[in-house]
Amino acid sequence: MQFFGRLASDYHAMFGVTLQALAGQRILDCPSGPCSFVAEAVAAGVDAVGVDPLYIHTHAELRARCELDIAGTIKAMSEHGDHYSTLDLTSYAESKRAALHGFLADYEAGRATGRYVAASLPQLPFADQSFDQTFSAHLLVTYSSPESGGILTNSPFTEQWHQASITELLRVTKRALHVYPTTTRTSPARRHPYLEHIVAQLQASGAWECRYQPSTYHRGDSAQNLLNASLVIERVSSAHTTL
Ligand SMILES: C[S@@+](CC[C@H](N)C(=O)[O-])C[C@H]1O[C@@H](n2cnc3c(N)ncnc32)[C@H](O)[C@@H]1O
């Protein structure tokens with residue numbers, strides 16, 4: 001799995017939510033990776049926390065790992081240029097480095113004050129409804145098995161893992177969980193089947209309202225289509241839900 005991240009402007013494109021709209025709220029970003037989202041959000045007055053299992057590592061270790069992953073990913077993407085023909089790989093790499101620098105500038109101070117927390121889904125070290133809203137990008141769906149529509153061969157992220165992880169993300173969330181992406185990597189892309197099953201179960205529970213929010217995030221590959229959207233799961237009662 002790649003340890004590289006995105007900018008707050010990418011989160012805006014994925015989720016359609018501005019930092020201004022989040023100001024004053026307590027927000028969870030899981031997984032946060034080497035994203036500058038938390039750093040930029042805190043600077044904009046958001047009480048943001050990032051979670052990633054790799055936050056057990058030091059600043060120097062994460063910088064080295066991320067620089068390797070950016071270089072490896074750009075090399076792999078340029079070798080499949082036909083698949084990424086609409087993407088400017090130079091500016092793509094620059095935005096990944098900008099996200100890394102924003103993250104690293106905040107990491108040590110943020111880790112000392114609990115803003116960057118080392119943990120792994122499906123278990124989070126937070127009390128019920130600790131966060132107003134939670135954002136989860138590029139782990140769920142993306143790293144599921146190729147058979148299900150993801151990209152990770154021998155993926156440990158089964159449908160059961162997705163159910164447990166979404167249950168856990170909802171447990172710590174007061175108002176809304178946002179998940180991106182929601183489509184498979186098949187061409188044409190379709191809604192990922194794990195999410196379809198989970199949405200059906202959540203809607204049937206009566207405790208959650210689910211909707212797809214059109215996204216303008218462009219990952220650059222030819223499989224992306226009009227189904228490009230985040231999934232928004234909003235709490236409609238105080239019921240505690242287990243899928
Ligand atoms: C591609 S990054 C996504 C980061 C960011 N949300 C984004 O959209 O750029 C995927 C991250 O998931 C983290 N990860 C891997 N397994 C995890 C787990 N079980 N729970 C939470 N995060 C995990 C990895 O360490 C990595 O930083």
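Note that ligands are numbered from 1 as they come in the structure, with each ligand's atoms numbered from 1 the same way. Keep in mind that what you see is a predicted model, and the values were worked out from it rather than measured.
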Student: May I ask you to identify the nearest protein heavy atom to atom 19 (N) of ligand 1, giving residue, atom name and distance to one decimal place in Å?
Tutor: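 Of every protein heavy atom, Leu121 O, 3.0 Å lies nearest to atom 19 (N) of ligand 1.
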Student: Hey, what do you get for CG (Asp29) to CZ (Arg115), rounding to the nearest 0.5 Å?
Tutor: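 Interatomic distance, Asp29 CG to Arg115 CZ, rounded to 0.5 Å: 13.0 Å.
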Student: I need the atoms of ligand 1 closer than 4.0 Å to a non-hydrogen atom of Pro31, numbered in the order shown.
Tutor: 4 (C), 5 (C), 6 (N), 11 (C), 12 (O), 13 (C), 22 (N)
Student: Could you tell me whether Arg6 approaches ligand 1 through its side chain, its backbone, both or neither, with non-hydrogen atoms closer than 4.0 Å?
Tutor: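 The part of Arg6 near ligand 1 is both the backbone and the side chain.
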Student: Would you please indicate if the ring centroids of His57 and Phe3 are separated by under 6.0 Å?
Tutor: no
Student: Could you measure the distance from the OG atom of Ser78 to the CG atom of Leu89? Nearest 0.5 Å is fine.
Tutor: 6.0 Å
Student: At under 4.0 Å between heavy atoms, which part of Tyr11 makes contact with ligand 1: side chain, backbone, both or neither?
Tutor: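 Side chain only.
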Student: What atoms of ligand 1 come within less than 4.0 Å of a heavy atom belonging to Gly5?
Tutor: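 Counting atoms of ligand 1 from 1, those under 4.0 Å from Gly5 are 9 (O).
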Student: Measure the distance from atom 25 (O) of ligand 1 to every protein heavy atom, then report the residue, atom name and distance (to 0.1 Å) of the closest one.
Tutor: Asp52 OD1, 2.7 Å
Student: Any nitrogen or oxygen of His138, side chain or backbone, less than 3.5 Å from one on ligand 1?
Tutor: yes
Student: Side chains of Thr182 and Arg191: any donor to acceptor distance under 3.5 Å?
Tutor: yes
Student: Please list the nearest protein heavy atom to atom 17 (C) of ligand 1 with its residue and the distance rounded to 0.1 Å.
Tutor: Pro53 CG, 3.6 Å
Student: What protein heavy atom is closest to atom 1 (C) of ligand 1, reported as residue, atom name and distance in Å?
Tutor: Gln2 O, 3.5 Å
Student: Within the structure, does Ala137 bring an N/O atom to less than 3.5 angstrom of an N/O atom in ligand 1?
Tutor: yes
Student: Only heavy atoms of Ser120, strictly under 4.0 Å: list the atoms of ligand 1 that pass.
Tutor: 19 (N), 20 (N)
Student: Looking at non-hydrogen atoms alone, which of Tyr143, Trp161, Phe157 comes nearest to atom 16 (N) of ligand 1?
Tutor: Phe157
Student: Take the angle between the ring planes of Phe15 and His178 and call it parallel below 30°, perpendicular above 60°, tilted in between.
Tutor: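 Perpendicular, since the angle between the ring planes exceeds 60°.
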Student: Parallel, tilted or perpendicular: which fits the ring planes of Phe131 and Phe126, with parallel below 30° and perpendicular above 60°?
Tutor: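 Perpendicular: the ring planes of Phe131 and Phe126 meet at over 60°.
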Student: Tell me whether Phe3 has any N or O atom under 3.5 angstrom from an N or O of ligand 1.
Tutor: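 No, since none of the N or O atoms of Phe3 sits under 3.5 Å from an N or O of ligand 1.
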Student: Hey, which atoms in ligand 1 end up nearer than 4.0 Å to a heavy atom of Gly33?
Tutor: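 Under 4.0 Å from Gly33, ligand 1 has these atoms: 27 (O).
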Student: Does Phe4 have a heavy atom less than 4.0 Å from any atom of ligand 1?
Tutor: yes
Student: Side chains of His192 and Ser148: do they bring a donor and an acceptor to under 3.5 Å?
Tutor: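 A pair is found: one side chain offers a donor N or O, the other an acceptor, under 3.5 Å apart.
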Student: Just let me know how Cys35 lines up against ligand 1, side chain, backbone, both or neither, with a heavy-atom cut-off below 4.0 Å.
Tutor: side chain
Student: If the threshold is 4.0 Å, N to carboxylate O, is there a salt bridge linking Glu168 and Arg171?
Tutor: yes
Student: So if I count the atoms of ligand 1 from 1 in the order they appear, which ones are less than 4.0 Å from some heavy atom of Leu54?
Tutor: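 Listed by number with element, the hits are 25 (O).
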Student: Below 4.0 angstrom, N of the basic side chain to O of the carboxylate: do Asp132 and Lys174 qualify?
Tutor: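 Counted as a salt bridge, because a side-chain N and a carboxylate O are separated by less than 4.0 Å.
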Student: Would you mind running through ligand 1 and noting each atom that sits below 4.0 Å from a heavy atom of Met1?
Tutor: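 Near Met1, the atoms of ligand 1 are 10 (C), 11 (C), 12 (O), 13 (C), 14 (N), 15 (C), 24 (C), 26 (C).
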Student: May I ask you to identify, for Tyr180, whether its side chain, its backbone, both or neither come under 4.0 Å of ligand 1 on a heavy-atom basis?
Tutor: neither
Student: Checking Ser144 against His162: is there a side-chain donor and acceptor pair closer than 3.5 Å?
Tutor: no
Student: Do you see a donor-acceptor pair shorter than 3.5 Å between the side chains of Asn228 and Tyr212?
Tutor: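 Distance-only check fails for Asn228 and Tyr212.
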